[in-house]
Amino acid sequence: MAKQKAMRPTWEGHLRLSLVTCPVSLYTATERTADIHFNMINPKTNNRIRMQSVDAGTGKPVDRADLVRGFAISKNKYVLLEKEELDAVRIESTRILDIEEFVDASEIDRIYWDEPYYLAPSGKTGIEAYSVIRAAMEKQKKVALGRVVMHQRERICALEPRDNGILLTTLRTHDEIRATSEVFDRTLPKPDTRMLQIAEKIIEQQDAKFDPSRFTDRYEDALRELIARKKKGQPVVSEAPEQDEEKVVDLMEALKRSLKGGGGPSREKADRFLEAQGRTAKPKAKKARRKTASRKRAA
């Protein structure tokens, strides 16, 4: 059996709680290597296209090793910063993950949660301190808040026990969150009672336990199948799109069809539910009368 390749840490440093410190390593908790990535290819030569750094003024290519970072202060004017100057302003959290406070996880709005990482002890030195910090958080049912510098940016992070280690999740700052008023600027109408009852019933019917294995990227699956067929030299034929059933414009009609599981002429299930709530399906009766009248005129 082939030996599994060791994971490379994203960040290495020390976890510190007051006067207690221990060496730790940070690893990404999500897998990206399985994602499908494309290269830009020249179909005439079958060669990859190489991206070049080009001077916007002269149009000539520039070696990336000669480039520096610049901050725009006005049009075509920049403050240039050398690597040594950027290194000089590094703060302590570049190598120290300092725990500042402990909160209940429920106090952190889900909109602030960002990227997950695994924080593991680095080597045998300080593993006892790591274990004590983790166990104390688990016993107190608390989440630790701290700061860590990754990719030249200081991030607020939340630490919580997970299995035999610690899960670290970076948090978005308050300034990064847009106010809901920027999007939800309309006053919603009060829902019709009958429609609301049907919608609640649909939710009850589709109640389930969350199982992440059931949710896959169907687009990536289709891409893999396409690539496999092309690799074998098999023809790729576009399938005709499925014909959608008759579109339902009326909201009540859509809710009724959804309640009985997807369409068709029968409304019995929806009607029985409404009757059980002490209501009648009046729209159905009106439609039936209209049909009868139409037949009489035709006769």
Side-chain angles (χ1 to χ4, degrees), residues 1-13 24-72 75-76 78-87 90 94 111-120 122 148-155 157 165 167-173 176-178 210-242:
M1 184 177 178
K3 186 177 180 181
Q4 188 175 4
K5 187 177 180 181
M7 291 177 61
R8 294 183 60 182
T10 299
W11 177 92
E12 291 180 293
V24 290
S25 297
L26 201 62
Y27 301 88
T28 54
T30 55
E31 185 62 71
R32 295 291 184 185
T33 57
D35 291 352
I36 293 177
H37 299 282
F38 293 106
N39 295 305
M40 299 304 294
I41 304 295
N42 181 354
K44 296 179 180 178
T45 62
N46 210 37
N47 293 328
R48 286 180 57 180
I49 298 300
R50 181 184 301 165
M51 301 299 178
Q52 281 188 317
S53 299
V54 178
D55 188 300
T58 65
K60 295 181 180 180
V62 182
D63 192 332
R64 291 187 66 86
D66 297 331
L67 302 180
V68 297
R69 295 180 182 274
F71 180 81
K75 187 176 180 180
N76 297 327
Y78 303 90
V79 172
L80 303 185
L81 301 169
E82 300 288 344
K83 182 179 182 301
E84 294 75 15
E85 294 173 319
L86 292 171
D87 290 342
R90 283 185 174 179
T94 55
I111 199 170
Y112 289 99
W113 296 94
D114 194 12
E115 292 288 332
Y117 295 84
Y118 293 138
L119 186 69
S122 181
V148 61
V149 172
M150 292 191 297
H151 313 301
Q152 297 182 336
R153 179 188 173 191
E154 186 179 57
R155 303 296 304 271
C157 57
L167 177 68
L168 180 149
T169 307
T170 55
L171 301 177
R172 300 179 180 92
T173 63
E176 293 179 89
I177 307 301
R178 289 179 174 176
F210 176 62
D211 179 7
S213 64
R214 290 179 52 245
F215 295 90
T216 59
D217 189 329
R218 294 177 296 179
Y219 178 63
E220 284 233 344
D221 291 343
L223 282 178
R224 293 183 190 282
E225 184 178 350
L226 170 62
I227 292 169
R229 292 177 66 88
K230 293 278 288 185
K231 189 176 180 181
K232 294 177 181 178
Q234 298 176 351
V236 178
V237 181
S238 299
E239 296 181 2
E242 294 182 6

For the CZ atom of R155 and the OH atom of Y117, what is their distance to the nearest 0.5 Å?
7.0 Å
Spacing of R229 atom CZ and I227 atom CD1 [to the nearest 0.5 Å]
13.0 Å
Roughly how far, to the nearest 0.5 Å, is the OG1 atom of T216 from the CG atom of D221?
4.5 Å
On a heavy-atom basis, which atom in Y27 and which in A120 lie closest, and how many Å separate them?
CE1-CB, 4.1 Å
Identify whether the distance between the nearest side-chain nitrogen and carboxylate oxygen of D114 and R172 falls below 4.0 Å.
yes
Once you round to the nearest 0.5 Å, how far does CZ of R224 lie from NZ of K231?
12.0 Å
Could you tell me whether the side chain of N46 reaches within less than 4.5 Å of the side chain of I41, counting heavy atoms only?
yes
Could you walk me through whether L223 and F38 pass side-chain contact (heavy atoms from CB on, under 4.5 Å), step by step?
CA-CA 11 Å; L223 282 178; F38 293 106; 4.2 Å; yes
Gap separating the CG atom of N42 from the CZ atom of R50, nearest 0.5 angstrom:
13.5 Å
Verify, without hydrogens or angle tests, whether R69 (side chain) and L80 (backbone) share a donor-acceptor contact under 3.5 angstrom.
no
Nearest atoms (heavy-atom pairs only) where E12 meets S122:
OE2-OG, 4.5 Å
Where P116 and T30 come nearest, the two heavy atoms and their spacing
CG-CG2, 3.9 Å
When rounded to the nearest 0.5 angstrom, what is the spacing between OH in Y118 and OG1 in T169?
10.0 Å
Mind listing the closest non-hydrogen atom pair of E85 and E82 along with its distance?
OE1-N, 2.8 Å
Check against side-chain contact (heavy atoms from CB on, under 4.5 Å), T10 and H151
CA-CA 9 Å; T10 299; H151 313 301; 4.2 Å; yes
